[in-house]
Every structure is written in C-alpha cells, then in structure tokens.
Amino acid sequence: MLKLISAAPSPYARKVRIALAEKGIPFELLTEVPWDSTTSSPKHNPLEKLPVLLLEDGSSVYESSFILQYLELKYPQHPLLPPDVDGILAARKFEVLCDGLCDAMVLTFFERLRKDAASPEWVARQRRKIDGGLKEIARLAGQRTWMVGNSFGLGDIATGTVLGYMSLRFPEIEWRGPYPNLAALSDRLEQRASFRASVPVAQTIADKIV
Ligand SMILES: N[C@@H](CCC(=O)N[C@@H](CS)C(=O)NCC(=O)O)C(=O)O
C-alpha cells in the first residue's frame, strides 16, 4: 500500500491527502512533525520536506505538485485535471499561485518565531505576496462554482487548502469579508469528505528551528 508522510497543519500534504481520497486510492497516513529531528522525511527526500509519497517498492515521490502529477498519470481514475490543454494550464496556474501563497505564509510563520529579531521588512515583503496572491485567486475565481471547468479538480484543491491553512495560521487576515466568493467556495469545499478528513491542525514543534 502507498504511504504518505504528512504533517497535521501542512497545506502541501493536505493537497495530496485530498487528491488520494478523491481518487479513492488507499494509503497509510504517517503523521510527523517535519521540523523536528524525529521526522523520517530526510531519509526519503534530500530536500528534507514533506509530503513524501512512499511507493510499494520503497522508492519515494516528493514535492506536492509533482506527487499530484504522479497520481494523475499513474491513477487516471477520477481525474483532477480537465481534459483540455487550456484547462490543465489554468488548473496548474492556480496551484503555482496557491503554493506561492503557502510559501509566503510559512516564511512569515518562522520569521515571527524570531520574536525581537524578526525582520519587519521581510514580514512585510511576505505579506505583500499573501495579499496579492489572495486578490488574484479571488479575481480568477469570480463567481465560478469550480475554479476551472465544470467539475471539482486541482484548482479547487489548491485554493481550498490555502484558505484552510490561512484560517489556521493567520486568523488575523480578514479575507472572508473582502472576498465573499472565496468564503463561499471554501465553505462548500470544506463540506467534502476529502476536506473534512484532512482539516489542518497545529502541531507542537519541539526543536529549535530559527
Ligand atoms: N514546495 C514543497 C513545500 C513542502 C514544505 O515546505 N513542507 C514543510 C512542511 S509544511 C516541510 O516539510 N518543511 C521542513 C523543512 O523545510 O525543513 C511542496 O510543495 O511539497
């Protein structure tokens, strides 16, 4: 059986968990704290990050966007990408945007852990990316039911996971009022079984990271 090294708050791991669930692929969930020395991810990914998909032959697939591509190619049932090239590119664009937003939030989270040594310029730079990314996702979403095409797919997974992570880590960012279309989409997505089974939860980090 496939195994997934995951972390409870990770938006990147959540994308993969949702994709596996939506495709009906059985897997064993291995929940770790990726920032602690106890994590097994460095054994499987030289970049020392999760999510990592462990295949039955012991090899590994890492980087969430690549894992999703791997799943789409190897398990084409319940496709998460549209059938047409323009649709695929539109969905991948959402993923790029949402991953970038998550990167800016993760960088901010750790910069804030520096407390008095945190750089306000660095935090402000990341905040511009978060605000800009959010605005662009809302613009692209418009009043659509699904982010791309006429059915649930990668664009919805990417958008739903970024909004879920933002609500957990940055409750002070007010996005529901300014972007009611994203609030409605997020509420709808969080009803799906795949989203309900992967609601992000904060973890305690034991090691010193920064
Ligand atoms: N671009 C990567 C980002 C993955 C990532 O940053 N994962 C975090 C957990 S949310 C991690 O494992 N960080 C440990 C580290 O960077 O040392 C992906 O999409 O998979």
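Residues take their numbers from the sequence shown, with the count starting at 1. Indexing begins at 1, ligand by ligand and atom by atom, following the structure's order.
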Donor-acceptor pairs under 3.5 Å, side chain of residues 81-96 to any protein atom, not counting sequence neighbours: which ones?
| from | atom 1 | to | atom 2 | distance (Å) |
| --- | --- | --- | --- | --- |
| Asp84 | OD2 | Gly87 | N | 2.9 |
| Arg92 | NE | Glu95 | OE1 | 3.2 |
| Glu95 | OE2 | Lys15 | NZ | 2.9 |

Among Leu29, Val52, Val16, Leu53, which one satisfies side chain to side chain contact (heavy atoms under 4.5 Å, CB included) with Ser6?
-> Leu29
Qualifying residues under salt bridge (charged side-chain N to carboxylate O under 4.0 Å, His left out), relative to Arg196, sequence neighbours excluded | none
Do you know which two heavy atoms are closest between Pro51 and Leu4, and how far apart they sit?
-> CB-CD1, 4.0 Å
Which N or O atoms of ligand 1 sit under 3.5 Å from a protein N or O, and how far apart is each pair?
| from | atom 1 | to | atom 2 | distance (Å) |
| --- | --- | --- | --- | --- |
| ligand 1 | 1 (N) | Glu63 | OE1 | 3.4 |
| ligand 1 | 1 (N) | Glu63 | OE2 | 2.7 |
| ligand 1 | 7 (N) | Leu50 | O | 2.8 |
| ligand 1 | 12 (O) | Leu50 | N | 2.9 |
| ligand 1 | 17 (O) | Glu48 | O | 3.4 |
| ligand 1 | 19 (O) | Glu63 | OE2 | 3.3 |
| ligand 1 | 19 (O) | Ser64 | N | 3.4 |
| ligand 1 | 19 (O) | Ser64 | OG | 2.6 |
| ligand 1 | 20 (O) | Ser64 | N | 2.8 |

Where does the angle between the aromatic ring planes of Phe152 and Phe195 fall among parallel (under 30°), tilted (30 to 60°) and perpendicular (over 60°)?
-> perpendicular
Which residues pass the salt bridge (charged side-chain N to carboxylate O under 4.0 Å, His left out) test with Arg176, sequence neighbours left out?
-> Asp187
